[in-house]
Amino acid sequence: MTKKGLQLYTIRTLLEKDFLGTLKKVADLGYEGVQFADYFDTPADRLNQALKEYGLKAAGSHVSYDQITGDGLKQVISYNQEIGNDLIIMPYLTEEQRTGLDDYKRIAEELNKAGAVIKQEGMQLAYHNHDFEFHTFGEQTPFDVLLNETDAKLVKFELDCYWVSYAGLDPLALIKEQRERVVTLHIKDMKETNGEKQSTVIGTGQLDMKSLLNLGKELGLPWFIVEQEHFEGDLMEAVALNSTKMDELLKA
């Protein structure tokens with residue numbers, strides 16, 4: 001059964017002030033897991049203890065490209081093994097890292113190498129998309145290159161439904177097309193304010209959240225990861241509302 005998790009980047013400003021205390025509040029709101037974007041210098045054994053105490057599972061860790069492909073990978077693996085996480089996700093590429101398709105081919109090669117090391121440790125590497133992976137360079141997109149140049153067993157995808165839609169594509173169709181490569185979904189809704197696309201509480205925007213959740217369940221995905229980046233009020237109130245809305249959509 002697919003579980004409900006929160007991408008902690010959503011509340012990073014609160015975590016900076018009280019990391020473990022805020023995790024407890026997330027658990028109290030009904031989330032079963034959390035996906036990390038930072039550990040705020042918390043020792044792995046202390047974080048593991050807190051997760052167990054709060055009844056939370058690790059639902060992935062966003063780790064920078066430089067850490068994944070550099071000398072720090074062994075430390076990343078060790079830390080995540082200690083907190084019970086088996087999914088390492090490359091979350092973002094800077095503009096300098098992605099100037100053209102040749103860059104993506106090189107990135108794919110490096111991800112294959114890292115993915116092999118991660119796989120040997122009983123874990124999985126995944127790539128998290130934004131919209132720029134779907135920009136066309138000639139007849140190809142960076143997403144095409146990443147799909148074709150990475151080993152399907154070594155590199156999976158965390159599909160961000162918001163960014164797929166932002167790029168003008170149908171996330172439902174893409175998930176169906178790449179069902180063997182998608183290991184988790186970022187569930188993030190979209191609204192338009194004064195012509196600008198922004199994220200919003202799930203179930204209150206333009207994306208067909210019900211169909212996305214049903215497809216995720218059909219595919220047996222382990223996690224639905226809630227994320228929101230734009231807010232009109234209190235952060236934790238939005239996090240709570242996202243939790244409630246997802247429960248309603250899953251029961252409907």
Trainee: Give a yes-or-no answer on whether the side chains of Asp18 and Thr22 include a donor-acceptor pair shorter than 3.5 Å.
Mentor: no
Trainee: Check Arg179 against Leu219 and note the closest heavy-atom contact, atom names and distance.
Mentor: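 Smallest heavy-atom distance, with atoms named: NH1-CD2, 3.3 Å.
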Trainee: If you count every heavy atom of other residues, nucleotides or ligands that lies below 6.0 Å from Glu248 atom CD, does the total exceed 12?
Mentor: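 Check passes, neighbour count above 12.
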Trainee: So, do Asp45 and Ile83 sit near enough that their side-chain heavy atoms are less than 4.5 Å apart?
Mentor: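 No, their side chains stay 4.5 Å or more apart.
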Trainee: Kindly check if the number of other-residue, nucleotide or ligand heavy atoms within 6.0 Å of NZ (Lys217) is above 12?
Mentor: yes
Trainee: Can you tell me how far the OH atom of Tyr162 sits from the CG atom of Asp189, to the nearest 0.5 Å?
Mentor: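 These two atoms lie 10.0 Å from each other.
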Trainee: I'd like to know if the side chain of Gln7 and the backbone of His186 have a donor-acceptor N/O pair within less than 3.5 Å.
Mentor: no
Trainee: With no hydrogens and no angle check, is any side-chain donor or acceptor of Asn112 less than 3.5 Å from a backbone partner on Glu149?
Mentor: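 Judged by distance alone, yes, a pair lies under 3.5 Å.
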Trainee: Membership question, hydrophobic clusters at under 4.5 Å side-chain separation (ILVMFWY): are Leu6 and Ile89 in the same one?
Mentor: no
Trainee: How many angstroms lie between atom CG of Asn242 and atom CD1 of Ile187, to the nearest 0.5 angstrom?
Mentor: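 Result: 10.5 Å between the selected atoms.
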Trainee: With a 4.5 Å heavy-atom cut-off, do Glu158 and Ile225 have their side chains touching?
Mentor: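 In short, these two side chains touch, coming nearer than 4.5 Å.
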Trainee: Can you see which heavy atom on Gly203 is nearest to which on Met209, and at what distance?
Mentor: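 Shortest heavy-atom separation between Gly203 and Met209 comes out as N-CG, 3.9 Å.
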Trainee: A side-chain contact here means heavy atoms from C-beta on lying under 4.5 Å apart; do Asn129 and Phe157 qualify?
Mentor: no
Trainee: Any chance you could measure Ser61, atom OG, to Asn85, atom CG, to the nearest 0.5 Å?
Mentor: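 Between Ser61 OG and Asn85 CG, I get 4.0 Å after rounding to 0.5 Å.
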Trainee: Surrounding CG of Asp234 (heavy atoms of other residues, nucleotides or ligands, distance under 6.0 Å), is the total greater than 12?
Mentor: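 More than 12 heavy atoms, drawn from other residues, nucleotides or ligands, come within 6.0 Å of this atom.
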Trainee: Looking only at side-chain N and O atoms, does Asp144 offer a donor or acceptor that is under 3.5 Å from a partner on Thr141?
Mentor: yes
Trainee: On the ring face of Phe132, is Arg98 found with NZ or CZ under 6.0 Å from the centre and within 45° of the axis?
Mentor: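 Verdict for Phe132: a cation-pi partner in Arg98.
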Trainee: Please determine whether a side-chain nitrogen of the Lys or Arg among Glu110 and Lys113 lies less than 4.0 Å from a carboxylate oxygen of the Asp or Glu.
Mentor: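 Yes, this pair counts.
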Trainee: Is it the case that atom NZ in Lys25 sees more than 12 heavy atoms from other parts of the structure closer than 6.0 Å?
Mentor: no
Trainee: Is Ser64 reaching over with its side chain to a backbone N or O of Gln67, donor-acceptor style, under 3.5 angstrom?
Mentor: yes
Trainee: Does one side chain, of Lys191 or Gln206, offer a donor that lies under 3.5 Å from an acceptor on the other?
Mentor: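 On atom types as modelled, these side chains do not qualify, holding no pair under 3.5 Å.
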Trainee: Any salt bridge linking Lys251 with Asp247? Criterion: basic side-chain nitrogen under 4.0 Å from a carboxylate oxygen.
Mentor: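 So Lys251 does not pair with Asp247 through a salt bridge.
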Trainee: Given the rule that I, L, V, M, F, W and Y join up when any side-chain heavy atoms are under 4.5 Å apart, are Tyr31 and Leu250 in one cluster?
Mentor: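 In one cluster: yes.
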Trainee: Can you tell me how far apart CZ (Phe137) and CG (Leu101) are? Round to the nearest 0.5 Å.
Mentor: 5.5 Å
Trainee: Counting N and O atoms only, with roles assigned by atom type, does the side chain of Arg181 sit under 3.5 Å from a partner on the main chain of Val155, one being a donor and the other an acceptor?
Mentor: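 Side chain of Arg181 to backbone of Val155, a donor-acceptor pair under 3.5 Å: yes, one is there.
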Trainee: Looking only at the side chains, is there a donor atom on one of Glu121 and Gln81 sitting less than 3.5 Å from an acceptor on the other?
Mentor: yes
Trainee: Treating Ser211 as the side-chain partner and Asp208 as the backbone partner, does any N or O pair qualify as donor plus acceptor under 3.5 Å?
Mentor: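 Flag not set: sc Ser211 to bb Asp208 has no pair under 3.5 Å.
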Trainee: Could you check if a side-chain atom of Phe134 sits within less than 4.5 angstrom of a side-chain atom of Leu174, using non-hydrogen atoms only?
Mentor: yes
Trainee: Determine whether Tyr166 and Asp160 make a side-chain contact, defined as any pair of heavy atoms from C-beta on separated by less than 4.5 Å.
Mentor: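 No, every pair of side-chain atoms sits at 4.5 Å or beyond.
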Trainee: Between the side chain of Thr2 and the main-chain N/O of Trp223, is any donor-acceptor distance below 3.5 Å?
Mentor: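 No; zero donor-acceptor contacts below 3.5 Å.
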Trainee: Hey, are the side chains of Lys188 and Val226 touching, using non-hydrogen atoms and a 4.5 Å cut-off?
Mentor: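 Of all side-chain heavy-atom pairs linking Val226 with Lys188, none is under 4.5 Å.
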Trainee: Is there a path from Leu213 to Val182 through hydrophobic residues (I, L, V, M, F, W, Y) whose side chains come within less than 4.5 Å of each other?
Mentor: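 Yes, same cluster.
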Trainee: Should Pro142 and Leu93 count as side-chain neighbours, where that means a heavy-atom distance under 4.5 Å?
Mentor: no
Trainee: Hey, could you give me the CG/CG distance between Leu47 and Leu23, rounded to the nearest 0.5 Å?
Mentor: 6.5 Å
Trainee: Is Glu180 salt-bridged to Lys153, cutoff N-O under 4.0 Å?
Mentor: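 Salt bridge absent between Glu180 and Lys153.
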Trainee: Give a yes or no answer on whether the side chain of Asp131 reaches the backbone of Ala167 with a donor-acceptor pair at less than 3.5 Å.
Mentor: no
Trainee: Has Lys4 got its NZ or CZ under 6.0 Å from the middle of the six-membered ring of Phe224, at an angle within 45 degrees of the ring axis?
Mentor: no
Trainee: Do Leu15 and Asp38 make a side-chain contact, defined as non-hydrogen atoms from C-beta onward lying under 4.5 Å apart?
Mentor: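 Sidechains of Asp38 and Leu15: no contact.
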Trainee: Donor-acceptor pair, distance only, cut-off 3.5 Å: does the side chain of Thr42 make one with the backbone of Tyr39?
Mentor: yes
Trainee: Hey, is NZ on Lys57 packed in by over 12 heavy atoms from elsewhere, all under 6.0 Å?
Mentor: no
Trainee: Going hydrophobic residue to hydrophobic residue with side-chain gaps under 4.5 angstrom, can you get from Leu14 over to Tyr54?
Mentor: yes
Trainee: Determine whether the aromatic ring centres of residues Tyr92 and His130 are separated by less than 6.0 angstrom.
Mentor: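 Yes: the rings meet the under 6.0 Å criterion.
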Trainee: Is there a donor-acceptor pair closer than 3.5 Å between any side-chain N or O of Gln35 and the backbone N or O of Gly60?
Mentor: no
Trainee: For the atom pair NZ (Lys105) and OG1 (Thr150), what is the distance rounded to the nearest 0.5 Å?
Mentor: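 Reported value, rounded in 0.5 Å steps: 13.5 Å.
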Trainee: Please tell me whether Tyr9 and Phe36 form a close aromatic pair, meaning their ring centres lie under 6.0 Å apart.
Mentor: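 No, the ring of Tyr9 stays outside the 6.0 Å limit from the ring of Phe36, centre to centre.
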Trainee: Any donor and acceptor pair, going by atom type alone, linking the side chain of Thr244 with main-chain N or O of Ala240 inside 3.5 Å?
Mentor: yes
